[in-house]
Structures are given as structure tokens and as C-alpha cells.
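Worksheet: one structure, shown below.
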Amino acid sequence: MATPAASTAAPLAGAAADTHCPYCALQCAMTLTPPLTLDLTPEKAALPTVGPRDFPTNRGGLCQKGWTSASVLGAADRLTTPLIRSAAGELAPATWDEALDLIATRLLALQDEHGQDCVGVFGGGGLTNEKAYTLGKFARVALGTPFIDYNGRFCMSSAAAGANRAFGLDRGLPFPLADLGGAQAILLLGSNPSETMPPFVQHLAGARSRGGLVVVDPRHSPTAALTDDGGGLHLQPLPGTDIVVLLGLLHLVWATGRADTPYLAERVTGAEDVRASVSEWWPERVERVTGVPADDLRRAAEILAAAAPLASGSGAYVLTGRGVEQHAHGTDTVTAAINLALALGLPGRVGSGYGCLTGQGNGQGGREHGQKADQLPGYRSISDPAARAHVAAVWSVDPDTLPGPGVPAMQLLGRLGEPGGIRALLVHGSNLVVSAPGAVQVTERLRALDLLVVCDFVPSETALLADVVLPVTQWAEEEGTMTSLEGRVIRRRKVIDPPPGVRSELDVWAALAGRLGAPARFETDPALVMDELARASAGGIADYGGVSHERLDRGDEIHWPCPDPAHPGTPRALLDRFATPDGRARMLPVEPRGVDDELRSDAPYYAITGRVLQHYQSGAQTRRVRELVAGEPRAFVQLHPRTAATLGIEEGQDVTLTSARGSCTAPARLSREIRPESVFVPFHFPGAERANALTNPATDPVSGMPEFKVTAVSIRAAQGDPRA
Ligand SMILES: Nc1nc2c(c(=O)[nH]1)N[C@H]1C(S)=C(S)[C@@H](COP(=O)(O)OP(=O)(O)OC[C@H]3O[C@@H](n4cnc5c(=O)[nH]c(N)nc54)[C@H](O)[C@@H]3O)O[C@H]1N2
Ligand SMILES: Nc1nc2c(c(=O)[nH]1)N[C@H]1C(S)=C(S)[C@@H](COP(=O)(O)OP(=O)(O)OC[C@H]3O[C@@H](n4cnc5c(=O)[nH]c(N)nc54)[C@H](O)[C@@H]3O)O[C@H]1N2
Ligand code: SF4
Ligand SMILES: [Mo]
């Protein structure tokens, strides 16, 4: 792909370095200039300066989180020494040797008593490729446990499952992001990039200027507002009914003769079954279920069909975000979105396609190299004997010693502290106390463990529960690679030394592996880890065989698959054939199944959850940045004025939402931008404002994704000060 030459200069001591933002999957390019003094003691925090950098994805843009990202390096309560819980129950400073010895001794004793499987590992999509790979290896080889999974299960799993079953390949965007600019139409389902990836919005400008942006969201979100004034169309369905909207669009595509029949005949299987399955979803019936006016549905179908290759339009894309994926039947909704894209002949063509917007910084790479319960590096199946033999050879271990598949995140968390379940858990890169569904119950399970070990750089709510806390490096203090939402492998560069006392997780795993008597070697130099990852992934679906720090530092732009050092990488995958055995994409009929937690007389409103611009995820990082806290200091309950009037609630008044699992209290924010039977709560806040006290841990049968996005709740004015 021809892109503006992105400077990739390696850092000189004390010189500025080209790197990327620590937060989301857009991985905006930035230049970090180190401070003149490297003294990072909290009192004299001297932080690097962030400067935006031109790159095909962010084109010089950064959001507020990116601009202020260096603050977290000098967080006032930055962890700089290991902590061990004392007999009196307090976390007290300890040396690294004390902490590592304690962890190893207790893990070995627990495994002696309860078996190898009594240890679990929970990873994160924010870890570099090198760390994600090493964590997967550590679980299988040093701990010998099948029980590893990660927070990507809460993030990308439904999109991954949908793409895998249709295309045989899960690369969020199987095309460069910049391709979106040429599109005539873009259907954006359950995604709010105006707040979650602001620089991304530039890539919607083309479709918007052609009146072709269609946004599906129960809220008139800032992204939905981009469709106002001729930008396109906002469809505002009842939460959890997106699949019906999609079946209605599919119905219209066939009913109006807009299906790309030659493409379907050549590149797809299963189209006839899907066509038959949508025959009853005429627009008026869709309107009755979803609340989307039949004429709007017709207009949306027309916008998309007119942009499609069959109509000689300039191209169309279907994109999904968490709003349609985080449901107990999210995989089926993704499948319906893919079916629509296939019916219109979009995937696997230049200038058109389907994609999902990956969320976390390394959400893509994090799911490719072994953190997922059922996978080995390179997106290989841990149940496949050939894959096991290949990876075992790279690790110099006997394939028979590798455990089999573990269980998805919610099942893993369900085993914590259970008889015959998991007694010890190691957490790397997730703040489950705030971010897991049914967080009250998850917190109880974490407390029931014999040993909880958390690696973090700040005392997150989860770290504060731990028996041992290990202080680790962050972003600008380490080398590595991340794989962005377009499948591009990029370099994260070290710009400053970590504060004294802080270690890299690669060092932590090597030190623990030694103490546990692991049969394999654990590399600690990120460049060497990447070389090993390249060998382990070679020949797999996510083939990084030709990726190295050296190549990236030379300026090579590499999208995987990249099987060998001479290979240019694959910006556009699936063009010639899909990654299925017969090379064809698979269409699969799906049916609406309703939300798991349906409205009841004592819980007559839907709580939907998501994000605001200023805060990232559980807020562990962004709640420590002054400017961001000033912008959005607390959670809020967004509700329609009509609903508020019915309930006698006024602007700013604290309201309590209660679900079958717990309660959450935050000030009311009245807004006509949300449907009257729904309220919206951001999930970035702990304590009484914790949205995940409400949410439903019921999971999607295919992906294991919990139903974060819809929960039946009651609403009442709060009594007393909820934070007291
Ligand atoms: N500021 C900020 N940016 C982030 C993050 C962050 O925490 N903060 N996190 C990053 C990560 S990990 C992720 S996964 C992405 C997520 O990025 P998005 O998917 O854009 O984020 P969400 O806010 O979770 O959900 C998007 C929209 O889904 C809508 N929604 C809720 N329920 C439904 C439904 O039933 N149907 C439909 N159609 N829509 C629904 C919500 O109203 C919301 O506007 O953002 C990334 N970027
Ligand atoms: N209600 C509701 N809940 C949700 C969602 C929703 O939309 N609604 N979205 C879900 C989604 S999409 C996601 S991705 C999850 C995310 O939620 P979490 O998994 O909690 O993710 P973070 O808040 O990013 O937590 C990362 C933690 O790891 C630390 N950390 C960052 N980098 C590293 C590292 O390299 N090593 C180590 N050891 N620690 C690190 C941070 O300081 C922080 O404490 O939340 C999910 N929860
Ligand atoms: S959009 Fe994402 S990657 Fe870009 S600056 Fe904001 S948080 Fe960072
Ligand atoms: Mo996510």
C-alpha cells in the first residue's frame, strides 16, 4: 500500500522517539520527547511531551486521552515496589525476591494439593504482542494450566467468532482503514467513534459528504449526529433488536433485486438458505419489533445498495462495534451483518468490505498469540495435533505436556474459589472489579481465592484486592509491538526508564518460570521474543513469520499475514479467496432470540452501557489524569426527559438503577438523544457508580461474550449520599 512515509526512527538516548498512543486500537501515531531529567519520583515528575505524528490512521490527530497520556507515567500513586498482604490484611512493601518467592512457593503448594489446573491466568488486550505471547506460553509451559483467557473475551469475541465462521479469518479490518475514505456508503452498527476513536471520524467524511453514512444506535450519539443535515441516516432501534434491523435490510436487498447474484454464485455458499430465512422480514414487521420506521429501513437499504459494486457505486462498508456485539446473541448479530455485506457483494473486494472496529490497543494482536483459552500462537487451535507439535517444537517441550483448551473468561471467573475450581489467579492487564459483568459477584469470587496476584502500574481496584501486587512498566518505558485495528504491526518504543523498583512483565515471567522449574526458556528481550513469536506463528492463520523489530525499525509497513522476511505483508486480505477450506465465504441463517435479561414489571427499563470520550475502560488510567477527570468527573445516568418526568427525577439528581444483580447510583443527565425506555451509563467508574454492578453475565453460546449492553433495571431517586 502506498502511504505517506511514516518516520520510524529508533530513539537515541534523550532524543524524541516515534511511537503510538497507549490506549485504543486506532493506535494513533505520536512522537514522544523525553524530559531533560529522568527523575520520575512523584514529587518531581518530569514527563515526556506528546506530539501528534502523521500516520495513515490518525493523520496527525489525537484525542484528549492521547494528548494527556504521558500523565499516567508520573501518576502520584504509581506502584514502584512489590506489595504483599500482611497477616493484618494490609498491603505492605516487599522486595522483588520476597514477592516472587512467595508467589512461586504458594503456586507450587496449591498445585501439589489441588492439581495443576487450580491456577488461572487472566490477560489483557493492552499487552504488547511480545507480552501476550509470553503470557500464553507461561500459562501452558510454566504453570501447565489450561485456564487462561483475557479481557478480549469481553471485547472482540463476538466479532471474531462471526468473522471466523464466515471468512475463516478474524482480522478486525481486513483492509487498510484509509480505504473507507473512498466509500459511497458506510453502515456503522453499535459504534460511537466520535467518542471512542475521534481521529477515526475523518475516514467517514467521504461517505458523509455523499449522504451515505448510516448509524444504528439506540442513542442519537455524537456519531449518530454525523448523519444529521444530509450526512445520511440514523436508525434508532430498541436495544438488542439490531439483528431484526439487519434481517429487514437483507429482506429488502433481495426483494428489490439488489443482491449481487454473480458474486454470490462465485464466492459464497449458503446464500439461498439465508434468502429463504429473511423472506418474512418485510419492513413493517421490522418496524413493529425494532421501532425503526419502515421507510427509514427502505432508505437505508437503498443507500447501501446504490453504493455497492453491482450498482457501480463507489463502494460500501458494513462495520460493527460493541453496541451490537456485546449481547448474549452478539455472534448471530455479527453474522447477520456479514450476511448483509455478502449479499451486497462487499467483502474481499477493493473499496468495499465488512469489518469490526477492534477496541483495545492490542486487541488484535492480543487475540492472536495465545491468551485465548483455545489458541496457540498464530491463531492456531490448541486442539489441533499439528499445531501443538509445531509450537511445542519452538518451545522445546514435548507436545503431550501442553494442556488442552481452557474455558472462556466468564466460565473461568465462575470457577474462582469453587470446590475443585481455581484457587490462584494471576491478572495481567485487566481491572475486573470495575469492568466484568455482574461485578459484585465477580469481586466476591476474587476474594474467595487462596492467592490473587495482580501486575499493574497503578493500584487499580483489582490490585487493591490482591495478595501480591507487582509493579510493572508501562508503554513509554518498554519496547514492543502492537497490532492495530487494521492488522498492521507497529512499534511501541521506550522513551524513558521506568522508576526504580519497576520491572517488565517479561522479566517477571522469566523469574517466576525459573522458580517454578519450567522446562522452557523465557526470553526477556522484546526483540528476541518477537523472533520467537515469528517462528511460533509461522504457518498459522495470523502468520508473523516475516515480522521483526529490525524490519519495523527500517520502516517496513507490515500487515499480517506476513509469512517470511521478504514478504511485503497483506494490507488487503481475502481478495482472491476467503480463508475457508473451499475459499468461499459462508452465509449462515440466523434468527432473533431476544435479550437475555428482558424487561419485567419490577425492572421496566433497559440500561445500556458504554463509553465517554475522556475515560478509558475501567478508568484505572484516565481517572488519574487531571484534565480528563475535570471533563467527566463522575458517572451519569442519561435518560429521556419524558422518562424522568414519569419518575419525578430532575437534572443532576442522583438516581439508583437496580437490576437482578446489583445497583448503581449516579446523577441524572436528561437528554432527548436516548430512547425513552432506555438509560445509558458509562462503565468507567468504581464504587456506587459502577455500571457493572448491574450487568448480566449471561454469555453468547458461540463467543462467550457477556451481555454488557442490555440489562433490565428499575429506576428511582437515590436515598442519601450514595458515596457516603
Ligand atoms: N473514550 C474511550 N474510547 C475507547 C475506549 C474507552 O473505554 N473510552 N475503549 C476502547 C475499546 S476497548 C473499545 S471495545 C471501543 C468500543 O467502542 P464503541 O463500540 O464505539 O463503544 P461503546 O460506547 O461501548 O458502544 C458504542 C455504542 O453502542 C450503543 N449501543 C448500546 N446498546 C446497543 C444496542 O443494543 N444496539 C446498538 N446498535 N447500539 C447499542 C451505545 O449507545 C454506544 O453509543 O472503544 C475503544 N476506545
Ligand atoms: N458495562 C460494560 N462493561 C464493559 C464494557 C462495556 O461496554 N460495558 N466493555 C468491555 C470491554 S470492550 C473491555 S475491552 C473491557 C476492558 O476493561 P479492563 O479489562 O478492566 O481494561 P482496562 O481498564 O484497560 O484495565 C487494564 C488494567 O491493566 C493495567 N494495564 C495497562 N497496561 C498494562 C500492561 O501492559 N500490563 C499490566 N500488567 N497491566 C496493564 C491498567 O492500569 C488497568 O488497571 O471492559 C469490558 N467491560
Ligand atoms: S483515538 Fe485512541 S489511539 Fe488515538 S489518541 Fe485517542 S485513545 Fe489514543
Ligand atoms: Mo474493548
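When a ligand or atom number is given, it counts from 1 through the structure's own listing order.
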What residues sit with at least one heavy atom under 4.0 Å from ligand 2?
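The answer is Leu127, Lys131, Asn151, Phe154, Cys155, Gln326, Gln360, His428, Gly429, Ser430, Asn431, Ser435, Cys455, Asp456, Phe457, Val458, Ser460, Val472, Glu505, Thr609, Arg611, Tyr616, Gln617, Ser618, Ala620, Gln621, Phe683, Asn692, Thr695, Phe708, Lys709, counting any residue whose heavy atom sits under 4.0 Å from ligand 2.
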Would you call Glu477 and Arg78 a salt bridge, taking side-chain N to carboxylate O under 4.0 Å as the test?
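A salt bridge is present here (some side-chain N lies under 4.0 Å from a carboxylate O).
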I'd like to know if Asp217 and Arg675 make a salt bridge, using a cut-off of under 4.0 Å between side-chain N and carboxylate O.
no
Going by distance alone, is a donor N or O of one side chain under 3.5 Å from an acceptor N or O of the other, for [X] and [Y]?
X: Thr68; Y: Glu627; answer: no
X: Thr658; Y: Ser663; answer: yes
X: Asp149; Y: Gln371; answer: no
X: Asp170; Y: Asn164; answer: no
X: Glu478; Y: Thr473; answer: yes

Are Lys137 and Phe522 in a cation-pi contact, defined as NZ or CZ under 6.0 Å from the six-membered ring centre and within 45° of the axis?
yes
Non-neighbouring partners of His329 that pass side-chain contact (heavy atoms from CB on, under 4.5 Å), sequence neighbours left out
Arg593, Pro701
Where at least one partner belongs to residues 430-445, residue pairs that pass side chain to side chain donor-acceptor pair (under 3.5 Å), sequence neighbours excluded:
Glu418-Arg445, Asn431-Glu461, Asn431-Thr462, Asn431-Ser618, Thr443-Arg690
Can you tell me the protein heavy atom closest to atom 1 (S) of ligand 3 and the distance?
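Answer, as residue, atom name and distance: Pro199 CD, 3.5 Å.
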Protein-derived N, O or S atoms lying under 2.8 Å from atom 8 (Fe) of ligand 3, waters excluded:
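Near atom 8 (Fe) of ligand 3, the number of protein N, O or S atoms below 2.8 Å is 1.
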